[in-house]
Amino acid sequence: MKIATYNVNGVNGRLPVLLRWLELAQPDIVCLQELKAPDERFPDGPIRDLGYDAAWHGQKAWNGVAILSRIGEIHETRRGLPGDTRDSHSRYIEAAVGGVLVGCLYLPNGNPRPGPKFDYKLDWFARLHAHMATLVGLDAPVVIAGDYNVMPTERDVYAPERWLDDALFAPDVRKAYARLLGQGWIDALRHLHPDATIYTFWKYLRHAFERDAGLRIDHLLLNPVAARRLTAADVDREPRRWKKTSDHAPVWIELAETPARRRRSGR
DNA sequence: ATGACATGGAGGCCATGA
């Protein structure tokens, strides 16, 4: 089972790129972020034509997240992160699909720092921490994927010294991410490629992609049950080269269809 | 090391992003 996350930076503006990548990569489950479209303008028709079911949580102009599946029904379990009824941003959607609980998130950027946007980011992180604490120990595979807007370590930034004061790399943000992992989550890409340089985002400016001046900010976190099934993980860099493309690249993992089988006596 | 891009909304630039 292939599960991917892709910040499309405008689902309608990127529709040709998204459809082309879906046909090429053939993911089973996809988490999309930055739809930048209200619910009524989500392009479910063309996506359905490729065989994907979809659940989405849109918003006018900004944010917006969706989960796609071509392996069966999407049972939505949550829309919006719990803990703050005043939070109107569409940044979280969660569903049970094909025996896996999938959370799709778009964590706030947080710039400029300091300021109210940065405070919102830390607050969102705290609420995410509380919610993920309820999921990590489930006796079912759980994958929380999306744009975390955090480079976890210096290895995940092309020029760490330039990003120290940025909301994506500030010490308290990295600590918040580390605290999440402390619950028992596995960062799938880093787990399988501990020493590799891996980026998932490159600015549009100054030929950042050609220079490989990138950031690793899109992550798939796996609970222990899911981690036992992890067989592969990587970044699809190719779509980042295409015309009218997102500034992010798709990131994916492969989970073995069935975990190591355990014999049970009786019945 | 900021913004040389790029999005979408209601414009004829603005807010936002990372």
Side-chain angles (χ1 to χ4, degrees), chain A residues 5-21 31-43 56-66 87-92 104-122 124-125 128 145-174 176-177 189 197-219 235 237 239-251:
Chain A
T5 180
Y6 191 9
N7 180 325
V8 288
N9 188 11
V11 71
N12 287 304
R14 308 301 181 200
L15 191 58
V17 165
L18 172 63
L19 298 177
R20 182 178 170 189
W21 169 72
C31 296
L32 299 177
Q33 302 87 34
E34 281 208 79
L35 303 180
K36 295 187 175 180
D39 281 340
E40 63 274 17
R41 291 195 46 211
F42 183 81
W56 61 93
H57 182 26
Q59 178 182 330
K60 193 165 104 176
W62 297 303
N63 310 315
V65 285
D87 185 0
S88 58
H89 293 200
S90 299
R91 296 182 176 275
Y92 191 78
C104 171
L105 66 82
Y106 175 45
L107 207 136
N109 174 302
N111 279 309
R113 168 185 175 270
K117 290 188 175 182
F118 189 69
D119 296 341
Y120 173 62
K121 178 175 196 168
L122 290 184
W124 210 92
F125 235 127
L128 181 66
D147 180 354
Y148 282 73
N149 267 318
V150 184
M151 296 84 90
T153 72
E154 298 199 344
R155 177 177 301 155
D156 303 308
V157 197
Y158 68 98
E161 67 283 358
R162 296 181 198 171
W163 288 84
L164 291 171
D165 294 327
D166 193 277
L168 278 69
F169 196 56
D172 31 6
V173 170
R174 274 184 275 166
Y177 185 85
L189 275 281
T197 297
I198 310 168
Y199 300 137
T200 67
F201 167 91
W202 301 259
K203 298 177 192 185
Y204 291 120
L205 303 176
R206 310 186 59 177
H207 307 287
F209 185 67
E210 288 76 5
R211 296 184 295 121
D212 202 23
L215 311 173
R216 189 173 76 94
I217 55 177
D218 300 273
H219 310 297
V235 179
R237 294 170 66 101
R240 185 60 182 78
R241 287 180 228 284
W242 298 346
K243 299 288 180 210
K244 295 286 285 177
T245 198
S246 171
D247 37 8
H248 295 249
V251 188

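Every chain is numbered from 1 and lettered A, B, ... according to where its sequence line falls, protein lines coming before strand lines. Basis for what follows: all heavy atoms, side chains included, without hydrogens, waters or symmetry-related copies.
- Partners of A:Y177 according to the side chain to side chain donor-acceptor pair (under 3.5 Å) rule, which considers only residues two or more places apart in sequence or in another chain, are A:D187.
- Side chain to side chain, A:H89 and A:Y120 meet the donor-acceptor criterion of an N or O pair below 3.5 Å.
- Residue contacts shown for A:D147 are limited to sugar-phosphate atoms, with no base heavy atom under 4.0 Å away.
- Listed by chain and residue number, A:H248 satisfy the ring pair (Phe, Tyr, Trp, His ring centres under 6.0 Å) test with A:F201 (two or more places apart in sequence, or in another chain).
- The outermost nucleotides of DNA chain B lying under 4.0 Å from heavy atoms of chain A, listed 5' to 3', are B:dA1 to B:dA18.
- A:Y106 comes within 4.0 angstrom of sugar-phosphate atoms only, judged by non-hydrogen atoms across all strands, and of no base.
- Taking A:D87 as the reference, A:R127 meet the salt bridge (charged side-chain N to carboxylate O under 4.0 Å, His left out) condition, with sequence neighbours excluded.
- Taking the C1' atoms as reference points, B:dG9 lies 24 Å from B:dA4, given to the whole Å.
- The gap from the C1' atom of B:dA10 to that of B:dA15 amounts to 12 Å, rounded to the nearest Å.
- Within residues 111-120 of chain A, the residues approaching DNA chain B are A:N111, A:K117, by heavy-atom distance under 4.0 Å.
- Sequence order on DNA chain B of the closest nucleotides to A:T245 and A:N63 puts A:T245 first from the 5' end.
- Checking A:K117 against A:N111 by side-chain atom types alone, no donor-acceptor pair falls below 3.5 Å.
- Remark: A:D218 pairs with no residue by the salt bridge (charged side-chain N to carboxylate O under 4.0 Å, His left out) rule, at least two apart or across chains.
- Taking atom P in both B:dA6 and B:dG11, one finds a spacing of 24 Å when rounded to whole Å.
- Residues meeting the side chain to side chain contact (heavy atoms under 4.5 Å, CB included) test with A:P160, sequence neighbours left out: A:E154, A:V157, A:F169.
- If you check every strand for non-hydrogen atoms under 4.0 Å, A:N149 touches sugar and phosphate atoms only.
- Contacts with DNA chain B (heavy atom under 4.0 Å) in residues 199-206 of chain A: A:F201, A:K203, A:Y204, A:L205, A:R206, listed by number.
- Listed by chain and residue number, nothing satisfies the salt bridge (charged side-chain N to carboxylate O under 4.0 Å, His left out) test with A:R162 (two or more places apart in sequence, or in another chain).
- Residues meeting the side chain to side chain contact (heavy atoms under 4.5 Å, CB included) test with A:W62, sequence neighbours left out: A:Q59.
- Under the rule for a ring pair (Phe, Tyr, Trp, His ring centres under 6.0 Å), the partners of A:F209 that lie at least two apart in sequence or sit in another chain are A:W202.
- When heavy atoms are screened at a 4.0 angstrom cut-off, A:D218 is found touching no nucleic acid atom at all.
- Of the two residues near DNA chain B, A:N12 and A:P108, the one whose nearest nucleotide lies more 5' is A:N12.
- Comparing B:dC14 with B:dA1, their C1' atoms are spaced 24 Å from each other, to the whole Å.
- Taking A:D165 as the reference, nothing meets the salt bridge (charged side-chain N to carboxylate O under 4.0 Å, His left out) condition, with sequence neighbours excluded.
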